[in-house]
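Comments concern the structure below.
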Amino acid sequence: MAGPIPLDLLPDTTDISSEGHTLIGGCDLLELAAEFGTPLFVYDEAHLRSRCREAVKAFDGNVAYATKAFLCTEMARLAYEEGMNLDVATGGELHIARKANVPGERIVMHGNNKSLEELRMALLEGVGRIVVDSFNELDRLEGLCADLNTSTKILLRVTPGVEAHTHEFVSTGQEDSKFGFTVRSGVAEEAVERARSSKNLELLGLHAHIGSQVFDVQPFAKAVGVLAEFAAPYNFPELVVGGGLGVPYVEGESAPSIQEWAAAIFDACSDAGVESLVGSEPGRSIVASAAVTLYTVGTIKEVPDHRTYVSVDGGMSDNPRPALYGSGYETFLPRSSQADRQNSVRLVGKHCESGDFLIKEAWVPEDLSVGDILATPVTGAYGHSMGSNYNQMLRPAVVFVSDGSPRLVVARETYEDLTRRDI
């Protein structure tokens, strides 16, 4: 048995009406479901803006929003309005950032296998930094710069050999990684010398990223120590420590705030004698807890001697994290969010996969029934961005809510959208 959904897992402006309904941004979740349909991503705009401002303040403006966490034109515009640069990893992410009128110089281009087309696009759009990940990329970039008679500013991504305590699929700081130049092997030193000798590339510093959903600040501090020691002979003007700060998804979890994370990084930099500008690239910690996903319950099936399955109208197509990483979530009924959740069920989607589950052991009120609107919190990161059309499901709409008004920022797909590119 579980009590009411913990309020600290819900967006900042969450409120409970006199009828017991859940409001976010002054909007009743049940009314949003009725107006926009389900599944539906609902983002608290004030929450998003607050986290952006916190990050900008914590890192003295040297901070980029990691758009892979959640990106649409309006999110790109919002992050830029609040003072953040944008971190993109593909031509598609770069296209959306520029569509939102984010200046090229405020964009950082990532990726372990950038194509010639993507690098050309980055140069033509005048991105502020390109984070170089391999010797092959150095070759491609130098050739393109020569062809276009231009130059560009770069950072070198290095792998510090620091393992973060997180899922292996999102751990990136260890030496055995597809990302970056390893420090211990001497490859990073070779890359620095190569970049410094280039006529078209201006090497500004180093970039590292140790992983995602990291709850402990110590691995970040350890990575800073490795980077500082390696960078000391070069006097680089910039050092970027990436992102990866974790967020609580279920009751009982806790994580440092953005400010606490930044303080630990700056303390480590001070201890290591770092004088470079220190930047970061948070994503999940900006958007994850800003959103809830709304579903409609379609089937409740009791399997004697086993469990009860509750099926909703979404699933792994709008939140693949449980199937991919075994990620945990909570759930609640917006009509009575403060009700005790006495029954254990398996919350599943409607896809043709036994592995299509959202929560393996979900606690719900006893009066849960078919037709109820059900919500999963902390779904603002890697739901919309990793979503798919598996089983030709329509990808959900996205709504921003603020001051009692909903704003549709991504329309729900239609059946016609599914065949629009077919020939």
Side-chain angles (χ1 to χ4, degrees), residues 4-57 65 67 69-84 100 247-249 257-258 282-296 314 318-319 329-339 372-385 387 395-412:
I5 187 73
L7 292 178
D8 59 3
L9 293 178
L10 301 180
D12 287 352
T13 65
T14 300
D15 193 17
I16 309 301
S17 73
S18 57
E19 294 82 17
H21 290 192
T22 309
L23 283 70
I24 296 176
C27 297
D28 189 312
L29 294 184
L30 297 182
E31 294 177 4
L32 293 175
E35 180 176 355
F36 296 101
T38 59
L40 180 68
F41 291 108
V42 179
Y43 281 83
D44 179 355
E45 185 170 340
H47 186 126
L48 292 171
R49 292 186 181 278
S50 173
R51 295 304 181 277
C52 288
R53 292 169 187 162
E54 182 182 358
V56 169
K57 181 178 180 181
Y65 168 58
T67 61
F70 166 59
L71 182 62
C72 63
T73 308
E74 194 57 30
M75 182 62 212
R77 186 177 293 118
L78 183 152
Y80 172 64
E81 285 175 354
E82 296 301 339
M84 298 191 82
V247 301
Y249 281 91
S257 67
I258 294 173
R284 186 194 313 265
S285 56
I286 300 292
V287 298
S289 57
V292 302
T293 306
L294 304 182
Y295 301 100
T296 300
D318 58 75
N319 187 359
Y329 286 89
E330 301 278 359
T331 191
F332 68 97
L333 297 182
R335 63 172 168 81
S336 56
S337 63
Q338 294 308 289
D372 264 331
I373 301 300
L374 182 147
T376 54
V378 202
T379 53
Y382 303 109
H384 175 270
S385 63
R395 283 178 286 194
V398 180
V399 172
F400 282 8
V401 291
S402 178
D403 297 326
S405 297
R407 187 159 56 102
L408 185 67
V409 298
V410 178
R412 184 178 308 282

Side chains of [X] and [Y] only: does a donor on one sit below 3.5 Å from an acceptor on the other?
| X | Y | result |
| --- | --- | --- |
| Asp318 | Tyr295 | yes |
| Thr296 | Thr38 | yes |
| His47 | Ser289 | yes |

If you measure from the Lys or Arg side-chain nitrogens to the Asp or Glu carboxylate oxygens, is any gap between [X] and [Y] under 4.0 Å?
| X | Y | answer |
| --- | --- | --- |
| Glu82 | Arg51 | no |
| Arg49 | Glu45 | yes |
| Glu54 | Lys57 | no |

For the pair [X] (side chain) and [Y] (backbone), establish whether a donor and an acceptor sit closer than 3.5 Å, ignoring hydrogens and angles.
| X | Y | result |
| --- | --- | --- |
| Thr379 | Thr293 | yes |
| Arg412 | Gly37 | yes |
| Asp44 | Ala46 | yes |
| Ser17 | His21 | yes |
| Ser385 | Ala69 | yes |
| Ser285 | Pro282 | no |

Going by the angle between their ring planes, with limits at 30° and 60°, are Tyr43 and Phe70 parallel, tilted or perpendicular?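 Because their plane-to-plane angle is under 30°, the rings of Tyr43 and Phe70 count as parallel.
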Quick check: do [X] and [Y] have side-chain heavy atoms less than 4.5 Å from each other?
| X | Y | value |
| --- | --- | --- |
| Leu333 | Ile373 | no |
| Arg407 | Ser402 | no |
| Val292 | Leu29 | yes |
| Met75 | Val287 | yes |
| Val247 | Tyr249 | yes |
| Thr14 | Thr22 | yes |
| Glu330 | Leu9 | yes |
| Gln338 | Leu7 | yes |

Give, for atom [atom1] of [X] and atom [atom2] of [Y], the distance between the pair rounded to the nearest 0.5 Å.
| X | Y | atom1 | atom2 | answer |
| --- | --- | --- | --- | --- |
| Phe36 | Cys27 | CZ | SG | 8.0 Å |
| Ile24 | Leu294 | CD1 | CG | 7.5 Å |
| Ile5 | Ser336 | CD1 | OG | 11.5 Å |
| Asp12 | Leu10 | CG | CG | 10.0 Å |
| Ile286 | Thr67 | CD1 | OG1 | 12.5 Å |

What is the minimum heavy-atom distance between [X] and [Y], and which atoms define it?
| X | Y | result |
| --- | --- | --- |
| Phe332 | Ser337 | CD1-CB, 3.6 Å |
| Leu32 | Pro406 | CD2-CB, 3.6 Å |
| Ile258 | Ala55 | CG2-CA, 3.8 Å |
| Val378 | Pro248 | CG1-O, 3.5 Å |
| Ala76 | Ala100 | CB-CB, 3.7 Å |
| Pro39 | Pro396 | O-CB, 3.3 Å |

Might you work through the side chain to side chain contact (heavy atoms under 4.5 Å, CB included) test for Val42 and Phe400, ending with a clear yes or no? CA-CA 6 Å; Val42 179; Phe400 282 8; over 6 Å; no
